[in-house]
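To start, the structure under review is shown below, and the notes come after it.
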Protein chains: 2
Amino acid sequence: MGKNTREQLLESARRCFAAKGFYGASIADIADELDLTKQALLHHFGSKEKLYGEILKGIAESIISDIIRTRADVTDPLAQLEALMTGILKRQLAHSDEAQILMRELLDNRARAEQAGNWYLKPFLDSLVSIVRTIPLEEDLTEARALALVYQFLGSINYFVVSEPTLTQMFGKEMHAAMRQDYPEQLRLLIRSRFHRV
Amino acid sequence: MGKNTREQLLESARRCFAAKGFYGASIADIADELDLTKQALLHHFGSKEKLYGEILKGIAESIISDIIRTRADVTDPLAQLEALMTGILKRQLAHSDEAQILMRELLDNRARAEQAGNWYLKPFLDSLVSIVRTIPLEEDLTEARALALVYQFLGSINYFVVSEPTLTQMFGKEMHAAMRQDYPEQLRLLIRSRFHRV
DNA sequence: CAATTTCCTTACCAATCGGTAAGTCATTTA
DNA sequence: TAAATGACTTACCGATTGGTAAGGAAATTG
């Protein structure tokens, strides 16, 4: 039953870290969810940091492989950008745990020096930038501008995903359901209109 | 010197909470920055939670008063939206501490039941929505769609502000400086093009 | 001048943190 | 069958957490 326990611990840890952050979640909390002691967790992962590191690695790998799959399908750069962004939105909505963890990682970067989980995602950002720069546009996009554009879309996506509980509390469940259903289309509109192809 | 100490403690706490989050920052850390003991802090604020609550309240008040000031100047709804959003961007860039705390608050909402600091900002969201809905557009905007639109812009802003250290680490200081300088213009372009007024 | 209040300290406290050590029990391997 | 390995447990550990109690020095107030 060893392999199974390990994976269950990873799932539990992902939930806890997403909900309370690295400092807020204790390894005892995580193990308790499976009616285990924290020493069982330490047996499998050695330390809290290593456990967290494995989770970050898993998220980055999963996202990147997800992206690569999407990328091969389309050739037109604008369509490709659109497909990638809506793909990311869908993905993050389905795995909001991961979106939360990455957002926390973004925030904790200031304190926790290097080893950030976002580094894994740099190649992914680079490829998005190169796609954007091949889209014909009257203005010439510097790398900084292309990155800013990419960041605007990524921000729209991740901020929304991470705001789910707050939006639900503020505007009610139905309102959030409506937004969630419509958001992919709104994202597509935002991207297309920015490139004057509406 | 009491009033002064209190304010200095608030500043120090804002920095610590922004950098490490509510759980990650200890009241001893905060007091240490002023060469005080944590008991001095407890004397002024009673408890860690109350201190944090005061910070949230301060941030919300400061943002809202900032917004109200911007709002009176313009009448055309699109121009008003534009002014508000670039105003928020400027503001968040200048007070990235506050942007980080609010983003953390968004994430911790799941765990820490009600009393969220984002509630203070609901009227602000409402007024943004009402502005957007008065902008003429071929599609009719439901409340959910208008809110989605607002959220896209807010996401673009806050995600970028919060990503500063990561972006700097990944792409270098100069690149980030270039992005930061250009981001207001890019935001304006994003908003205008979405409303077909480029 | 006496009393009180404000601001802060040292001295504690129980609870919790991540982690180590040692041992139990079941399964696998030689 | 004996040895070894994997998957846990209980029993600890020192450090740190937020918070309380009591008191001291200085300023404010009567």
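Lettering follows sequence order; numbering is per chain, from 1. Source: prediction; values computed, not measured.
Rounded to a whole Å, the CZ atom of B:R6 is 13 Å from the P atom of C:dT6. Whole-Å rounding puts the B:K20 NZ to D:dT16 P distance at 12 Å. Atom C1' of nucleotide C:dG18 and atom CZ of A:F45 are separated by 16 Å, given to the nearest angstrom. Rounded to a whole Å, the NZ atom of B:K50 is 9 Å from the P atom of D:dG19. Rounding to whole angstrom units, CG of residue B:L41 and C1' of D:dG18 are separated by 11 Å. Summarising the geometry, the separation between OH on B:Y23 and P on C:dG18 is reported as 13 Å, rounded to the nearest angstrom. Taking atom NE2 of residue A:H43 and atom C1' of nucleotide C:dT24, one finds them 13 Å apart after rounding to whole Å. Rounded to an integer number of Å, the gap from A:F22 CZ to C:dC17 P is 13 Å.
When distances run from any side-chain atom of A:L42 to the nucleotides C:dC8, D:dG19, C:dT20, the shortest one goes to C:dT20. Relative to the side chain of A:S26, the nucleotides C:dG18, D:dT17, D:dT9 differ in distance, and C:dG18 lies closest. Of the listed nucleotides (D:dT10, C:dC12, C:dC8), D:dT10 has the atom at the smallest distance from the side chain of A:Q39. When distances are taken from the side chain of B:A40 to each of C:dC17, C:dC8, D:dC8, the shortest belongs to C:dC8. Here C:dG19 is the nucleotide among D:dT9, C:dG19, C:dT9 with the atom lying nearest to any side-chain atom of A:S47. Among C:dG18, D:dT10, C:dC8, the nucleotide with an atom closest to any side-chain atom of B:H44 is C:dC8. Of the candidates C:dG18, D:dT9, D:dA7, C:dG18 carries the atom nearest the A:K38 side chain, counting heavy atoms from C-beta on. The side chain of A:L36 lies closest to D:dT9, out of C:dC17, C:dT9, D:dT9.
Proximity of B:P184 to B:K90: side-chain heavy atoms (C-beta onward) are nowhere separated by under 4.5 Å.
In this structure, A:F153 and A:F195 have tilted ring planes: the angle between them lies in the 30° to 60° band.
Taking only distance into account, the side chain of A:K48 never meets the base of C:dG19 through a donor-acceptor pair shorter than 3.5 Å.
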Item to complete: Kindly indicate, with the supporting measurements, whether the criterion ring pair (Phe, Tyr, Trp, His ring centres under 6.0 Å) is fulfilled by A:Y159 and B:Y159.
Response: CA-CA 7 Å; A:Y159 192 70; B:Y159 192 69; 8.7 Å; no
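Salt bridge absent: B:R14 and B:E11 never bring a charged side-chain N and a carboxylate O closer than 4.0 Å. A salt bridge does not link A:R133 to A:D140: none of the charged nitrogens lies less than 4.0 Å from a carboxylate oxygen.
For B:T37 and C:dT9, the shortest distance from a side-chain N or O to OP1 or OP2 is below 4.0 Å. OP1 or OP2 of D:dC8 lies within a sub-4.0 Å distance of a side-chain N or O belonging to A:T5.
Within 4.0 Å of A:A25, counting heavy atoms only, lie sugar-phosphate atoms of the nucleic acid but no base atom.
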